[in-house]
Amino acid sequence: MPVSRAEMELLRWYVAMGADEAIGSTPADRFAPPRRAPDRPIAAPAIRFTPPPAAAEAPSSAIAAAARTLEELEAAVRAFEGCALKRTATNTVFADGVPGAPLMIVGEAPGGDEDRVGRPFIGRSGQLLDRMLATIGFDRKSNAYITNMLYWRPPGNRKPTGDEIAACLPFVRRHIALARPKLLLLSGATATAALLDRPDGITKIRGRWFNLETPGGGPPVPALATYHPSFLLRAPARKSEAWRDLLALRARFQEAQ
Ligand code: URA
């Protein structure tokens, strides 16, 4: 093979540098990446899986999914720093009543009394809720469990924002899954819209039953939408509709016995 002028010059330079003997029949490409030793099977290191701690900064969905009991969920909610309302609230308001009761009620958010004491529905609307439940044989001491869509009071009892609801929603869904109620009462527009993810207003949707799927919660839970007691305090003429909802709830509960 003819040798080019440039190659000839390179050879001369090698000789001048003392490289006067060829040691291989094929040229070595000094610019090629170094050759790796053939891969030998590597034994997998023994790694023990430790579930990550429920970091306060993690999204609420991951934290909620990791909770295996109501106690773990409550602890996770109390440690959660992903909802700005916590900074202005006095207390985290998680739930009241009997965990695992056949009826679970989901309201909107703690008000001033609830924030002060740390229990849901203890102010005026809570007292009305208690009276309504009593008419159909439920109370929070024996067979009802009560929570809210938000665990912290919005300042001035304003309406919760979409972001606040989104931050708490995975906890509420997991809450229902772990509490496993037979029936769910969605009290008011906020709980109804958030949990059913429907655009209909509460006036249109109240009195209707839905099957609510919950994460890892077994069979869907029948859920009835109704007016919030604070709305009934402002609009007492609507109480007859709420009464019909309560009767429907009692009938469904009796059927399920
Ligand atoms: N309104 C709610 O929705 N929840 C409460 O706990 C109190 C008032």
Side-chain angles (χ1 to χ4, degrees), residues 70 73-74 77-78 80 83-99 101 103-134 138-141 143-176 179 181 183-198 201-203 205-207 212 223-236 238-239 241-242 245-246 249:
L70 287 173
L73 185 72
E74 178 169 359
V77 167
R78 290 186 184 281
F80 185 60
C83 180
L85 292 175
K86 190 181 183 186
R87 279 173 234 141
T88 49
T90 306
N91 274 303
T92 297
V93 178
F94 184 69
D96 196 21
V98 181
L103 176 65
M104 183 168 180
I105 299 125
V106 185
E108 183 175 293
D113 294 317
E114 290 79 13
D115 182 47
R116 218 170 305 118
V117 174
R119 285 170 52 214
F121 279 107
I122 56 159
R124 271 188 75 218
S125 61
Q127 288 155 22
L128 175 57
L129 178 67
D130 283 344
R131 290 199 298 278
M132 289 162 63
L133 292 177
F138 288 98
D139 72 85
R140 57 175 104 191
K141 286 206 175 64
N143 56 3
Y145 185 59
I146 304 178
T147 189
N148 281 310
M149 282 310 303
L150 296 185
Y151 299 102
W152 301 279
R153 179 197 187 199
N157 297 346
R158 65 158 168 73
K159 278 267 160 215
T161 66
D163 281 353
E164 290 157 359
I165 291 171
C168 295
L169 183 59
F171 289 125
V172 180
R173 288 169 48 76
R174 188 76 184 134
H175 202 163
I176 298 165
L183 300 177
L184 201 56
L185 185 65
L186 305 178
S187 181
T190 300
T192 301
L195 285 165
L196 299 182
D197 193 21
R198 293 180 62 105
I202 188 67
T203 313
I205 210 170
R206 63 137 280 282
L212 191 84
L224 177 67
T226 192
Y227 292 134
H228 191 284
S230 68
F231 171 72
L232 296 173
L233 287 170
R234 294 194 306 273
R238 298 285 192 163
K239 280 187 182 166
E241 291 163 87
D245 298 343
L246 290 175
L249 185 68

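Keep in mind that this is a model prediction, so the values were computed, not measured. First listed ligand is number 1; within each ligand, the first listed atom is number 1.
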Problem set entry | Evaluation steps, side-chain contact (heavy atoms from CB on, under 4.5 Å), between L212 and L196 | CA-CA 7 Å; L212 191 84; L196 299 182; 3.8 Å; yes

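Of the listed residues (L133, L128, I146), just one forms a side-chain contact (heavy atoms from CB on, under 4.5 Å) with F121, and that residue is I146. Between P110 and the options V117, T92, V93, a side-chain contact (heavy atoms from CB on, under 4.5 Å) holds for only V93.
Scanning the protein heavy atoms around atom 8 (C) of ligand 1, the nearest turns out to be S125 OG, 3.5 Å. With hydrogens left out, the protein atom closest to atom 4 (N) of ligand 1 is N148 OD1, 2.8 Å, a heavy atom.
Atoms of ligand 1 lying under 4.0 Å from at least one heavy atom of H228, given by number and element, are 1 (N), 2 (C), 3 (O). Taking every heavy atom of P120 and a limit of under 4.0 angstrom, the matching atoms of ligand 1 come to 6 (O).
Within the set A109, A95, G188, G107, the minimum heavy-atom distance to atom 5 (C) of ligand 1 is found for A109.
Using a 4.5 Å heavy-atom cutoff, the side chains of R140 and I122 are in contact.
Centroid-to-centroid, the aromatic rings of F80 and Y151 stay 6.0 Å apart or farther.
Heavy atoms from both the backbone and the side chain of E108 come within less than 4.0 Å of ligand 1.
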